[in-house]
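Inspection log for the structure reproduced underneath, given as structure tokens.
All chains are named by letter (A, B, ...) in the order of the sequence lines, taking the proteins before the strands, and each is independently numbered beginning at 1.
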Amino acid sequence: MSVSNLLQNWSAVRHTHPVGDAPHAEYKWAMAIDLDACTGCNACSVACYAENNLPAVGKDKFEHGQQMHWMRIERYWDEDGRDMPDQGAQFLPMMCQHCEAAPCETVCPVGATNHTADGLNSQVYNRCVGSRYCSANCPFKVRYFNWYSYPDQEISWPSPMEQQLNPDVTVRTKGVMEKCTFCVQRLTVAKHNARNEGRLVQDGEVQTACQQACPTSAISFGNLVDPASKVAKQWKAQQVELAVDKQAKDEGDDSHEVGEHHSTTKLRGYRIFEELRAYPSVMYLERVRESAV
Amino acid sequence: MIENEFNRRDFLKVLGWGGAAVAVSGCGFTSVQDGVENVVSYVEANEYMIPGIGVYFNSTCAQCDAACGITGKVREGRVLKLEGNAASSINRGRLCGLGQAGVQAHYNPDRVTEPRTGKGEKLDWEKALGQVKEKLTGVSGDEIAFLTGNLSGHLKVLLGNYMDALGSKNHFVYDAVAPAVMRASNKKAYGNEMPALRLDKAKVIVSFGADFLGSWVSPVNFSQQYAQFRKGVNNGGRGVLVQIEPKMTLTGANADRWIPANPGTEGVLALGLINALGAAGVSIPSDIAASVSAYGVERVSKDTGVSAEQIQKLAAVLKERSPSLVIAGGGAEGYAHGSQNAAAVALLNQVLGNVGKTVEAPSVVPFPQLAPTAGGTAGLKAFNDGLAAGKFKVVFTLGANPVYSAPAFMKLADNLKKAAFKVALADAIDETAAQADLVLPLDSAMESWGTVVAEYQAGDAHIGIQQPLMERLYDNTRSAGDILLSLVKQQKADDYKAFEDYYAYLRGAVVQAKGSLGGAGMDDDEFWSTVLSSGMVKTGNASSSLRTSASAVTLPAAAVADAAFPLRLLPYVQPSMRDGRHANLPWLQESPDPLTTIVWDSWVEMHPKTAAKLGIVEGDIVEVTSKSGSIKAQAYIFPGIHPDAVSVPFGNGHTELGRYAKGVGANVFQMLDPVFDQETGELAINETHVKVSKTGKRVIVVKEEGAAGGSQAGKKIAGRLASNNVDLSKEV
Amino acid sequence: MGKDIREDISWAKINTDVLKSLESPRPLYWVIVGVALLMFLGGVSLEAYQYRQGMGVANLNNPHVWGLFIATFIFWIGMSHSGTLLSAILHLMHADWRKPIYRFAEAMTTFSLMTAGLFVMVHLGRLWQFYYSLPYPNERGLWPNFQSPLLWDAMAIFTYLSSSVIFLFIGMIPDLAICRDHLHPGWRKKLYTVLALGWEGTDRQWRNFRVTYLTVACYLIPLAVSVHSIVASDFAMSQQPGWHVTSFPPYFVAGALYSGCAAIITLFIILRYVFKFEEYMTLPILKKTARLTFAIAMVWTYLNAIEFASVWYSHDQASKDVLIQKATGPYAFAWWGMIICGSVVPLALAFKKVQTNIPMLFSVSLLLNLGMWLERWMIVAPTFSHGYYPWTWDHDQWPSFVQWGMVFASFGWFTLLFMIFCKVFPSVSMYEVKEMVYHRSLASKMGGKGGH
């Protein structure tokens with residue numbers, strides 16, 4: 001291992017950074033979540049537990065904020081000072097946003113979290129030393145640390161529950177960071193299958209676990225590079241661009257601080273914390289409310 | 001030199017075992033010990049079993065009565081994950097969290113694995129079934145009772161045959177949170193218990209307490225329709241949802257307008273809307289118009305607590321946007337006058353002309369003998385009355401846990417003791433099985449054969465096939481079908497000798513009818529494998545129709561409040577916990593309640609105003625007392641509830657069932673008052689009046705929500721838009 | 001006003017006085033060592049517990065992933081700056097009053113760095129893989145992430161630690177020779193013989209010694225500044241509200257010097273008593289140290305005000321919210337404690353009476369250190385509990401006994417190392433004190449009066 005090798009590898013690794021200088025060639029996995037369709041039912045979250053070997057941590061650890069749900073449903077109330085939330089609640093599924101310029105990636109001392117060529121923010125469990133700097137620098141706080149060796153906790157997978165564990169997904173040990181992977185194990189299988197047949201993965205060929213479970217099909221997931229994919233069409237229709245920090249919707253709206261947009265466009269698509277320039281790969285579509293009733 | 005008794009043979013053994021042990025123990029869970037477990041290589045693996053590659057089998061979800069089609073992913077003989085079966089017209093490839101957790105019911109560490117006596121002695125099956133036979137001899141049919149949850153398909157047939165063989169008519173069907181009042185009122189209003197609801201076709205949905213996105217009837221199906229309704233796929237534009245319920249459910253949280261009408265006044269509001277529609281020029285039959293003439297906007301506003309302006313707006317929207325859909329659910333039906341409330345809501349539907357448009361005649365499976373038995377709490381009451389009178393000597397339970405979910409006033413646990421011999425067919429030692437004299441362990445839904453007919457049929461009618469997704473985890477469990485077959489063989493050996501087991505019975509029955517199941521011309525094996533691979537049989541529809549004529553509804557006068565119990569208890573059917581049978585699944589316990597985000601516990605929801613009046617803050621352990629009992633639970637201050645009510649979720653507070661459920665939360669079933677729906681005799685779950693007092697203890701509420709509560713702190717996180725700014729039907 | 005070092009003190013007396021500290025300290029010394037050892041062992045068992053059970057026992061949680069470990073890590077890094085300040089900077093500035101006290105200050109540098117390093121280890125989720133963060137050649141071609149401030153941190157700390165050990169050692173060589181020459185045979189004599197590197201005090205040796213010492217001193221100063229700037233970068237380079245502040249590096253350096261000076265006062269007073277160094281660690285020196293501390297306290301206060309002002313006028317609502325949260329939220333007690341201990345209490349040092357009043361100074365110095373520790377905690381914690389994402393705000397996070405215990409134990413570990421050092425090596429530089437006395441006597445002979 002020479003230093004020149006290091007420097008070469010270095011620039012190669014760090015320059016796959018996809019915003020700007022090296023656009024995605026074949027794949028850029030991305031998501032769109034329609035908050036008007038999302039009912040907050042938690043099916044996605046449970047599906048994620050099943051697919052990704054997430055441990056149930058139990059009441060005590062949950063109380064200490066040590067729960068391990070890669071996909072969490074947030075419930076917000078309108079803040080308009082009314083006694084009753086008579087326009088319902090707002091639900092927001094939140095998981096790793098797979099930012100293109102991910103704040104977590106630059107700070108990891110060992111390079112355990114990296115950008116893959118197909119636009120995922122990957123987490124290498126074997127490499128992680130558990131400094132938790134990535135989580136400290138994550139604006140969305142969607143990284144979950146293994147505070148305990150959950151496989152050894154009596155509550156997580158007592159026999160025979162361990163038989164349910166997905167062999168395609170690592171069971172994480174204590175001391176490593178983890179987070180939503182966009183079900184990378186499914187993507188890998190789909191990519192291999194496609195490559196064996198000499199083609200690219202087609203839209204709809206691979207689904208994330210949350211997307212597959214969602215009873216209202218609020219989540220769409222696919223390849224943003226493929227203009228025929230639903231997700232690419234959605235991003236395009238909403239005029240949300242990956243490598244831009246101010247979307248069409250935000251024109252004329254300089255404030256980053258309002259719940260209800262002042263925007264005059266008829267667009268619903270937005271990314272959270274656009275102003276932080278993390279360039280998330282998840283577009284949310286605003287919830288709609290009827291005022292006639 | 002190493003001197004020990006380590007010969008070549010041992011060396012090879014260690015070499016082989018070492019590899020296996022490393023492979024297995026590398027995961028850190030199991031170790032294969034010499035002589036304790038056997039490692040069997042796949043020398044003769046089944047053709048569908050390819051190491052490293054998942055194979056998929058279709059089956060039917062048994063987590064609730066919606067009977068969604070599921071596809072189980074199986075790897076190396078283990079079922080890993082359930083997905084929705086895309087071919088099922090009920091869930092079309094989707095699956096809720098409750099359904100996902102089906103694998104945890106299968107792999108649950110607290111399953112009962114051997115037949116056992118009430119004292120916990122293990123038995124073999126021969127002895128166990130022998131005991132049943134012995135106890136049944138000399139007992140007349142009237143002295144035998146069988147309490148089940150909802151049943152359908154061939155299991156129902158078999159049970160019927162067994163009861164016939166015993167000469168008993170005492171099959172009680174019990175479902176603690178069933179839409180039983182709705183069935184009766186639908187039957188009355190539309191001539192059908194379960195009409196098909198076309199949410200997707202409606203421009204407006206007004207739901208009176210039906211949590212169709214959370215726990216009502218067939219939530220996955222309704223959620224899909226809801227998505228189309230919102231996107232304007234079949235209704236020409238984004239549909240508007242109005243939810244009228246004093247306790248916000250998941251559906252209420254998704255409504256454009258959530259209206260917390262005074263508890264029990266849903267019928268008044270429905271009639272008031274009819275009146276307002278009439279006044280606005282909608283043509284209404286004169287007898288009906290006359291019957292609602294007393295429900296002027298002002299009076300209705302006063303009774304319901306809904307502003308006159310709101311009622312007018314609602315009437316205007318209903319008038320302008322047609323077709324609409326009006327639904328009554330548990331929130332409106334859990335009253336002494338629940339049937340009338342439901343009837344008033346149905347009447348509103350009829351007046352709006354929705355019958356035939358958004359309320360359609362359902363598809364019906366043309367095999368009435370397989371149709372689901374639809375139970376409610378009336379079945380439990382009859383069962384309990386029989387027990388109390390000492391009529392039953394031998395009692396069977398299957399798929400029902402009455403000791404947990406029967407209200408305390410029934411004294412069911414005591415009455416059960418009067419039965420000399422109690423047999424529980426159970427997958428875990430729940431409260432009822434703990435009192436049984438004989439526990440017969442059931443296979444999980446991933447291990448058993450079965451046929452399921454959904455009560456709510458969406459699209460084309462079909463029979464769901466339940467097939468084992470993997471080998472039995474435990475050698476000594478049996479499917480309910482096999483147990484019933486053995487039992488019925490005890491009585492009528494000759495009639496059933498052709499069937500070695502329930503599988504043979506089931507296959508025989510399905511294959512026999514292949515002609516009418518689209519299998520004409522196929523040979524038996526071919527037909528059967530088609531059935532198994534699709535996980536369902538399309539049956540074709542039997543004709544059904546709806547009545548469109550409407551008749552007037554009269555509502556009883558409002559009951560006078562009891563000053564000693566100033567608040568109304570509105571128990572909440574939580575989407576993942578339902579009636580509590582799934583409380584031992586850790587994924588569901590850890591899955592936050594969508595509205596409060598609380599995990600692993602029960603809670604008492606109260607409005608900030610009510611809490612302020614009582615001096616209660618979040619986390620206070622409060623005692624909720626009714627005439628019939630009391631519970632203690634943590635208070636959660638929640639804006640989505642009527643100030644005159646408190647809400648506690650069903651499902652927790654188990655004293656048995658397993659490690660994840662035992663001792664978690666409080667059982668609100670126990671404290672319900674003995675008030676019944678006057679027409680159907682169903683327990684009126686919203687008719688309990690309570691008082692709330694502080695106990696002085698305070699805990700930290702364990703929930704997903706953080707210190708900011710539901711606030712976005714002025715940040716742009718969950719965005720929202722007024723509907724006039726956007727046309728969703730034009731979106732991708 | 002106490003007396004300064006006597007100008008007529010004989011060189012032999014200096015030797016005996018200082019060497020005495022290697023032999024017969026007051027009994028209090030053994031009490032301190034015993035208590036420190038117990039504290040340290042307590043920390044070791046807590047770490048063993050945490051290592052076995054997982055980091056969760058520290059009661060950190062998912063948004064709040066860093067706690068007292070990192071805060072205390074910064075605290076100890078800060079402490080390390082005093083030694084460099086006193087020995088290197090003041091050496092270059094020819095402030096001769098530093099001479100009797102720089103040795104222990106340098107030792108403090110080394111040991112507080114060692115303590116700080118322990119916190120990085122204790123903090124790691126997978127301690128057993130800590131070497132992944134070091135750039136060592138390996139067959140997999142894996143390197144650490146050179147973009148990460150944490151990696152700069154690791155390198156800076158290792159460099160600083162090794163440099164300050166070298167600096168400490170070089171400065172001790174003439175004294176080690178004295179020890180070698182004056183001590184009875186035994187393991188110590190062997191040790192000094194080896195360490196003294198054959199020092200004979202020839203002109204050539206002295207000349208080389210001076211040049212080397214000066215070079216290392218010059219080298220160490222930028223290093224010291226860079227170390228704490230890099231620690232500041234851990235925060236300033238991140239994107240989090242409350243951390244992403246341009247003035248953090250100088251702010252951290254000022255804070256470091258500040259806490260270091262305060263710690264010097266504390267240890268000065270303890271050593272003076274325990275090793276009977278009243279002759280050398282005189283009140284005038286203490287007075288100067290106190291004045292220096294006061295000056296740095298005011299610099300720190302100024303930089304603090306700059307930080308608040310730049311946050312307040314930045315239009316960055318999230319950062320502003322964190323600041324408001326610090327002052328009014330559940331951490332308010334700690335934040336106001338920091339302001340009071342860090343900016344108000346040092347005002348007492350402006351009074352001459354306080355500058356030479358040992359009990360007063362001792363308690364003031366302890367309060368200053370408390371304030372500086374709180375400062376570090378207030379840098380780390382509130383950003384986690386009130387960051388960008390409101391859903392994950394966690395205002396109730398409170399460190400468990402494991403965290404508190406290890407913070408406590410770190411003081412034991414530091415004291416233990418320090419006390420052992422003082423017993424094994426001369427904690428007052430004999431040759432430099434001699435030099436100082438000589439220069440002063442020369443000056444007084446020539447100028448006719450005792451000078452500073």
B/Arg94 side chain to A/Ser217 backbone, donor-acceptor under 3.5 Å: no
Structural part of B/Pro219 lying under 4.5 Å from a heavy atom of chain A: neither
Minimum heavy-atom distance between B/Lys231 and A/Asp34, given as atom pair plus value: CE-OD2, 3.6 Å
With side chains defined as the heavy atoms from C-beta onward, is the minimum distance between A/Pro167 and B/Arg78 less than 4.5 Å? yes
Would you say B/Arg472 has more than 12 foreign heavy atoms packed within less than 6.0 Å of its CZ? yes
Please tell me if the side chains of B/Lys81 and A/Asn166 come closer than 4.5 Å, counting only heavy atoms from C-beta onward. no
Spell out, as yes or no, whether a donor-acceptor pair under 3.5 Å connects the side chain of A/Tyr270 to the backbone of B/Gly719. yes
Does any heavy atom of chain B fall under 4.5 Å from the side chain of A/Tyr49, the backbone, both, or neither of them? both
With a 3.5 Å cut-off and no angle check, do the side chains of A/Gln67 and B/Glu704 form a donor-acceptor pair? yes
When the 4.5 angstrom heavy-atom criterion is applied to A/Ala292 and chain B, the contacting part is both
Region of B/Arg75 in contact with chain A, defined by heavy-atom distances below 4.5 Å: side chain
Would you call A/Glu63 and B/Lys703 a salt bridge, taking side-chain N to carboxylate O under 4.0 Å as the test? no
Against B/Glu590, only a single residue in A/Val46, A/Leu54, A/Val57 fulfils side chain to side chain contact (heavy atoms under 4.5 Å, CB included); can you say which? A/Val57
Interchain contact, A/Cys44 with chain B, by part (heavy-atom threshold 4.5 Å): neither
Largest heavy-atom contact set with chain A, pairs under 4.5 Å, which of B/Ala227, B/Ala255, B/Ala101, B/Gly84: B/Ala255
Could you look at A/His64 and say if it's the side chain, the backbone, both or neither that has a heavy atom under 4.5 Å from chain B? neither
Segment of A/Asp83 engaging chain B (4.5 angstrom heavy-atom cut-off): both
Under 3.5 Å, side chain of B/Tyr226 to main-chain N/O of A/Thr39, donor-acceptor pair present? no
For the pair B/Asn254 (side chain) and A/Gly88 (backbone), establish whether a donor and an acceptor sit closer than 3.5 Å, ignoring hydrogens and angles. no
Using a strict 4.0 Å threshold on nitrogen-to-oxygen distance, state whether B/Asp593 and A/Arg75 make a salt bridge. no
Evaluate the side-chain proximity of A/Phe91 to B/Pro594: yes if any heavy-atom separation is below 4.5 Å, no if none is. yes
Between B/Ile641 and A/Met84, which heavy-atom pair has the shortest distance, and what is it? O-CE, 3.5 Å
Looking only at heavy atoms, the pair that brings B/Leu95 and A/Ala43 closest together is O-CB, 3.6 Å
A/Gln212 versus chain B, heavy atoms under 4.5 Å apart: side chain, backbone, both or neither? both
Check whether A/Arg271 gets within reach of chain B through its side chain, its backbone, both or neither, counting any heavy atom under 4.5 Å. neither
Tell me the closest heavy-atom pair linking A/Glu154 and B/Arg659, and the distance in Å. OE2-NH1, 3.2 Å
Is a salt bridge present between A/Asp78 and B/Arg720, judged by a nitrogen-to-oxygen distance below 4.0 Å? yes
Is the backbone N or O of B/Ala722 less than 3.5 Å from a side-chain atom of A/Arg289, with the two atoms forming a donor-acceptor pair by type? no
If the threshold is 4.0 Å, N to carboxylate O, is there a salt bridge linking A/Glu290 and B/Lys203? no
